[in-house]
Protein chains: 2
Amino acid sequence: MTRETKVTEFTKPKSMVDQIYRSISTAITTGALEPGRRLVEQELQKDFGVSRAPIREAIRLLEADGMVVVDAYKKKYVRYLTREDLLDNIPVLAMLESLAARLAVANITPQKILELQNLNSEIEEAFAAGDFVHCAELNFSFHRSFLQLAGNKTLHRAIRSIVKSTLWMWLTSQYYRNHSIIPSSLEEHNGILEAFRAQDTRLVERKVREHNENVLERFLSQTKFNEQGICQFTPPQNLSTSGG
Amino acid sequence: MTRETKVTEFTKPKSMVDQIYRSISTAITTGALEPGRRLVEQELQKDFGVSRAPIREAIRLLEADGMVVVDAYKKKYVRYLTREDLLDNIPVLAMLESLAARLAVANITPQKILELQNLNSEIEEAFAAGDFVHCAELNFSFHRSFLQLAGNKTLHRAIRSIVKSTLWMWLTSQYYRNHSIIPSSLEEHNGILEAFRAQDTRLVERKVREHNENVLERFLSQTKFNEQGICQFTPPQNLSTSGG
DNA sequence: GCTATTATTCTTGTCGACAATTTGTCAACT
DNA sequence: AGTTGACAAATTGTCGACAAGAATAATAGC
């Protein structure tokens with residue numbers, strides 16, 4: 001009788017913790033919450049209008065992801081990245097993505113290659129439009145496509161974990177914002193697709209590995225680090241001269 | 001009101017959540033909590049003598065690790081493994097560990113090689129003594145040594161993540177319990193150490209990759225799966241014929 | 001005897017409150 | 001002036017209780 005006719009209620013497919021997790025996660029990848037930013041439960045509680053329990057659980061998930069770090073006094077911060085972090089990423093991501101690409105060769109279709117070409121064009125458009133966050137997302141989609149084609153859950157999980165823990169999306173968007181290196185990436189993407197078209201496994205593997213190495217080395221060479229080796233991008237909107 | 005006379009309490013005031021996390025994590029790797037086993041907050045609450053809040057946070061961490069899975073009705077279970085999970089692990093672990101070994105070549109010392117030889121002997125002893133859990137731990141230590149020598153945090157994190165999410169320690173101990181294949185592993189371990197002694201990077205990389213592939217394929221060929229493809233080891237103490 | 005519906009129980013999700021810890025401030029003392 | 005200690009504010013950790021939803025038991029109807 002009293003069946004609540006939840007007709008217009010689409011916004012309830014996920015648990016509270018999941019929503020908070022996603023929200024903070026997105027805030028970090030988009031740069032709304034910059035690396036090093038303190039996370040205080042009371043503030044988040046007010047933002048989301050819930051009690052602290054689900055906030056705390058969501059933060060635990062982010063902590064496990066490596067997107068949030070905890071200091072000796074239990075205070076939580078958005079992870080900040082060091083030069084060492086980026087250096088460590090290079091061989092691992094290059095190797096995992098090239099493995100994904102190798103496995104994908106067996107499953108890719110001409111149709112899929114066309115889709116990826118279109119995706120590549122979309123990246124170019126987003127870059128031209130100055131939407132660097134979307135650009136990073138599309139770029140990630142491009143890479144993720146090989147993961148999906150590879151059909152290996154362990155691999156998928158491993159790469160996803162690295163992407164999250166090293167704030168990959170944030171890094172990419174910041175990088176796009178500050179440097180005009182999209183053309184190089186797009187060119188390399190096309191090279192990869194060509195190798196796929198030729199069904200040349202060895203070539204695919206090499207191209208993907210080199211692409212990843214190139215991207216990461218470009219990151220490193222063009223990124224500023226402070227005296228503690230922490231990655232320093234220009235904040236999104238920095239009106240005051242946060243001098244100090 | 002200071003009812004807690006914690007006199008002999010040197011046990012690093014680790015946080016409650018951390019203690020619970022470790023405790024459950026250990027229970028899973030040792031097989032005390034077998035795959036598929038339901039985790040009920042109220043039971044754990046009684047076991048640890050705390051409220052549900054820290055229990056829930058610990059379970060969130062285990063969930064993020066992939067050691068615990070959640071069904072559509074929010075019920076929590078220890079992760080169970082499928083044939084597909086094991087298959088997916090093979091190329092990824094083989095590749096990551098061989099990368100670790102390659103990076104380790106530059107940092108290894110004759111001293112360290114001797115230590116690893118001793119460790120190998122310890123594994124043999126633990127196996128002979130029938131302590132399969134310890135055996136799995138020591139074996140993991142052997143592999144982890146290369147990780148530490150590699151000095152790459154991203155790589156360390158990636159492998160650790162796979163080890164946790166696929167209940168690697170549990171799998172290994174169960175495998176040791178059921179099959180007498182330690183000799184093959186020990187032999188391969190020695191082969192790897194020889195390659196290290198020769199400083200032959202290519203050989204190290206190949207030996208480690210092959211060792212991982214061998215181990216995982218032995219797992220697969222000698223492991224039972226039920227009709228749903230779920231890994232079925234004989235439970236630690238199985239007196240009744242859990243028929244079906 | 002069997003099915004449909006209603007209670008009851010079990011389990012998880014969320015909340016507000018209190019305790020413990022850390023940080024910040026300020027006054028007293030050497 | 002600098003240091004130290006105590007007090008206050010801020011923040012996190014933990015608790016018990018209630019609400020919501022699903023699984024199970026019980027009952028009514030045929």
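In the text below, chain A, chain B and the rest are named by the order of the sequence lines, each starting its count at 1.
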Quickly work out the [X] [atom1] to [N] [atom2] distance and round it to whole Å.
X: A/Gln45; N: C/dG16; atom1: CD; atom2: P; value: 8 Å
X: B/Ile55; N: C/dT11; atom1: CD1; atom2: C1'; value: 14 Å
X: A/Phe48; N: C/dT14; atom1: CZ; atom2: P; value: 13 Å
X: B/Glu57; N: C/dT12; atom1: CD; atom2: P; value: 16 Å
X: A/Tyr73; N: C/dA20; atom1: OH; atom2: C1'; value: 16 Å
X: A/Leu44; N: C/dT14; atom1: CG; atom2: P; value: 15 Å

Q | Salt-bridge criterion met for A/Glu41 and A/Arg56 (N-O under 4.0 Å) | A | yes

Q. Less than 4.0 Å between a side-chain N and a carboxylate O, is that true for B/Glu115 and B/Lys112?
A. yes

Q | Pairwise distance CG(B/Asn89) to CG(A/Asn152) - rounded to 0.5 angstrom | A | 8.0 Å

Anything under 3.5 Å between a protein N or O and an N or O of nucleotides 4-11 of chain D, put it in a table, one pair a line.
{"from": "D/dT11", "atom 1": "O3'", "to": "A/Arg38", "atom 2": "NH2", "distance (Å)": "3.2"}

Q. With a 3.5 Å cut-off and no angle check, do the side chains of B/Ser25 and B/Arg22 form a donor-acceptor pair?
A. no

**Q.** Donor on one side chain, acceptor on other, B/Tyr80 and B/Asp85, under 3.5 Å
**A.** no

Q: Go through C/dT22, D/dT12, C/dG13 for me and flag the one nearest to the B/Lys74 side chain.
A: C/dG13

Q) Taking the side chain of A/Arg52 as heavy atoms from C-beta outward, which of D/dA22, C/dC15, C/dC18 is closest to it? A) C/dC18

Q: Please name the pair of heavy atoms, one in A/Leu44 and one in A/Ile24, separated by the smallest distance, quoted to 0.1 Å.
A: CD1-CD1, 4.2 Å

Q) Can you check whether B/Trp170 and B/Phe132 have ring centres sitting under 6.0 Å from each other? A) no

Q: Report the C-alpha separation of B/Lys153 and A/Glu84 in whole Å, then their side-chain angles, then the decisive distance to 0.1 Å, and conclude whether the salt bridge (charged side-chain N to carboxylate O under 4.0 Å, His left out) test is met.
A: CA-CA 9 Å; B/Lys153 283 180 190 162; A/Glu84 198 193 7; 3.6 Å; yes

Q) Are OP1 or OP2 of D/dG13 and a side-chain N or O of A/Arg56 less than 4.0 angstrom apart? A) yes

Q) Hey, what's the ring geometry for A/Phe127 with A/Tyr176, parallel, tilted or perpendicular (30° and 60° as the breaks)? A) perpendicular

Q. How large an angle, rounded to 10°, do the end axes of the helix from C/dG1-D/dC30 to C/dT30-D/dA1 enclose when each is built from five base pairs?
A. 10°

